[in-house]
Amino acid sequence: MPELPEVETTCRGIAPAVCARRIKSVVVREHRLRWPLPKTFAAQLEGQRILDVGRRAKYLVLTLERGALIVHLGMSGSLRVLPAETPPQKHDHVDIVLNLGHCLRFNDPRRFGSMHFTADDPLEHALLRKLAPEPLGEAFHTEYLAKQTARRKVAIKLLLMNASLVVGVGNIYASEALFRAGVRPTRPARKVKRAELDKLVPAIKTVLSDAIRAGGTTLRDYVNADGAPGYFRQKLFVYERAGEPCRKCKTPIKQLTQGQRSTYYCPTCQV
DNA sequence: ATGGGCACCTGGCTGC
DNA sequence: TGCAGCCAGGTGCCCA
């Protein structure tokens with residue numbers, strides 16, 4: 001999926017077209033998402049005004065007059081703003097039809113994404129309640145990460161991708177942040193020294209911020225609210241660059257598997 | 001509590 | 001041309 005920068009880009013992209021608009025109707029063409037949409041889904045949204053759009057971790061949260069709509073884009077999902085009469089394409093599973101002729105359309109080939117209506121505070125929803133601090137927030141600092149890594153044997157890359165410790169860092173940006181910090185992804189978390197964590201925390205923050213500025217990373221499916229791809233891919237140092245020369249030292253980038261996911265690193269720059 | 005592995009899905013690519 | 005096998009921005013859940 002979309003990792004944090006792609007979700008943030010989507011959030012900013014849909015906000016102008018969606019905020020203060022009223023939901024005229026909801027069209028569900030495919031209810032079998034990661035969690036099946038209940039029969040009541042459309043009726044719970046219809047007629048409500050959208051007050052605000054925000055992001056928590058990789059979840060988009062649309063605040064409504066009564067309750068909220070929570071959206072996760074999974075691995076291959078996207079949300080686009082389109083003229084309401086645009087004919088649906090393959091995998092266009094849900095339309096949120098708005099007044100003034102716009103439609104917020106959810107497309108997700110792999111259907112790992114999900115949508116949820118909640119009548120209560122969305123941050124208290126079961127999926128959001130236990131999430132760790134935002135990596136771009138003030139609560140994510142060296143002291144915090146040091147506390148989380150202490151006594152943990154898991155590889156540092158897997159720890160960074162654990163949403164109960166820090167949210168929003170997925171497979172691309174975990175590899176990229178570790179490269180920028182000069183830390184091998186396979187190092188047991190507890191062996192990563194304080195001085196290295198001092199580099200890693202800002203590395204995570206800057207790689208995510210830079211990616212947001214570039215509109216995210218498009219590898220395959222991801223498009224923003226206007227249907228355009230993200231341009232951060234050309235700024236990646238290691239991700240999907242196995243065998244290619246390191247952009248700093250020319251050593252061929254290596255690839256390995258951790259937790260059934262591909263990891264990329266430079267064997268010279270990362271110790 | 002921690003760690004490891006699987007599951008959910010479709011589509012694109014590779015190699016026989 | 002066809003088909004099997006493998007891989008892909010995530011993450012909840014089950015088991016040791």
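Numbered from 1 within each chain, the chains take letters A, B, ... in sequence-line order.
- Contact check, A:Arg151 against B:dT2: no side-chain N or O comes under 4.0 Å of OP1 or OP2.
- Rounded to whole angstrom, the span from the CG atom of A:Leu165 across to the C1' atom of B:dT2 amounts to 11 Å.
- Taking atom CG on A:Leu219 and atom P on B:dC13, their separation rounds to 14 Å, with Å as the unit.
- Taking every side-chain heavy atom of A:Tyr59 into account, C:dG12 is the closest of C:dG12, B:dT10, B:dC6.
- With 3.5 Å as the limit, one finds a donor-acceptor pair spanning the side chains of A:Thr142 and A:Asp198.
- The separation between A:Gln258 atom CD and B:dG4 atom P is 10 Å, rounded to whole Å.
- In this structure, A:Phe106 atom CZ and B:dC9 atom C1' are separated by 12 Å, rounded to whole Å.
- With hydrogens and angles left out, the side-chain atoms of A:Ser262 and A:Gln255 include a donor and acceptor closer than 3.5 Å.
- In summary, of the residues considered (A:Val18, A:Ile212, A:Leu60, A:Leu79), a side chain to side chain contact (heavy atoms under 4.5 Å, CB included) with A:Cys11 occurs for A:Leu60 alone.
- Taking every side-chain heavy atom of A:Arg110 into account, B:dC9 is the closest of B:dC9, C:dG10, B:dC6.
- Counting non-hydrogen atoms under 4.0 angstrom, A:Lys90 reaches the backbone sugars and phosphates but no base.
- Under the Watson-Crick or G-U wobble criterion, with both distances below 3.5 Å, B:dC9 has no partner in any strand shown.
- Between the P atoms of C:dC3 and B:dC9, the separation comes to 23 Å (whole Å).
- Proximity note for A:Val154 (side chain, C-beta onward) versus C:dG10, C:dA8, B:dG4: the nearest is B:dG4.
- If you check every strand for non-hydrogen atoms under 4.0 Å, A:Arg32 touches nothing.
- The CG atom of A:Asn224 sits 8.5 Å away from atom CZ of A:Arg80, with the distance rounded to the nearest 0.5 Å.
- Atom CD1 in A:Ile156 sits roughly 15 Å away from atom C1' in B:dG3 (whole-Å rounding).
- Summary of the strand contacts: A:Tyr264 and A:Trp35 both lie near DNA chain C, and taking for each the nucleotide with the nearest heavy atom, the more 5' one is attributed to A:Tyr264.
- In this pair, A:Phe232 and A:Tyr173 present their aromatic rings tilted. The plane angle is within the 30 to 60° band.
- When the C1' atom of C:dT11 is taken as reference, atom CE of A:Met75 falls 10 Å away, rounded to whole Å.
- Relative to the side chain of A:His72, the nucleotides C:dG10, B:dG4, C:dA8 differ in distance, and C:dG10 lies closest.
- Counting to the nearest Å, the C1' atom of C:dG10 and the OH atom of A:Tyr222 are 16 Å from each other.
- Taking the 5.5 Å centre cut-off and the 30° plane limit, the aromatic side chain of A:Phe112 is classed as stacked on B:dC8.
- At a threshold of 4.0 angstrom between heavy atoms, the contacts of A:Arg111 are confined to the sugar-phosphate backbone, with no base atom among them.
- One finds no side-chain N or O of A:Arg34 lying less than 4.0 angstrom from the OP1 or OP2 phosphate oxygen of C:dT11.
- Using a 4.0 Å heavy-atom cutoff across all strands shown, A:Leu127 reaches sugar-phosphate atoms only and no base atom.
- Checked against B:dG11, B:dG3, C:dG10, the side chain of A:Lys153 finds its nearest nucleotide in B:dG3.
- In the set C:dG10, B:dG11, C:dA8, the nucleotide with an atom closest to the side chain of A:Arg220 is C:dA8.
- What separates CG of A:Asp221 from P of C:dA8 is a distance of 14 Å, to the nearest Å.
- The A:Ser262 side chain lies nearest to C:dC7 when the options are C:dG12, C:dC7, B:dT10.
- Exactly one of A:Met75, A:Lys157, A:Glu176 qualifies for a side chain to side chain contact (heavy atoms under 4.5 Å, CB included) with A:Asn171. That residue is A:Lys157.
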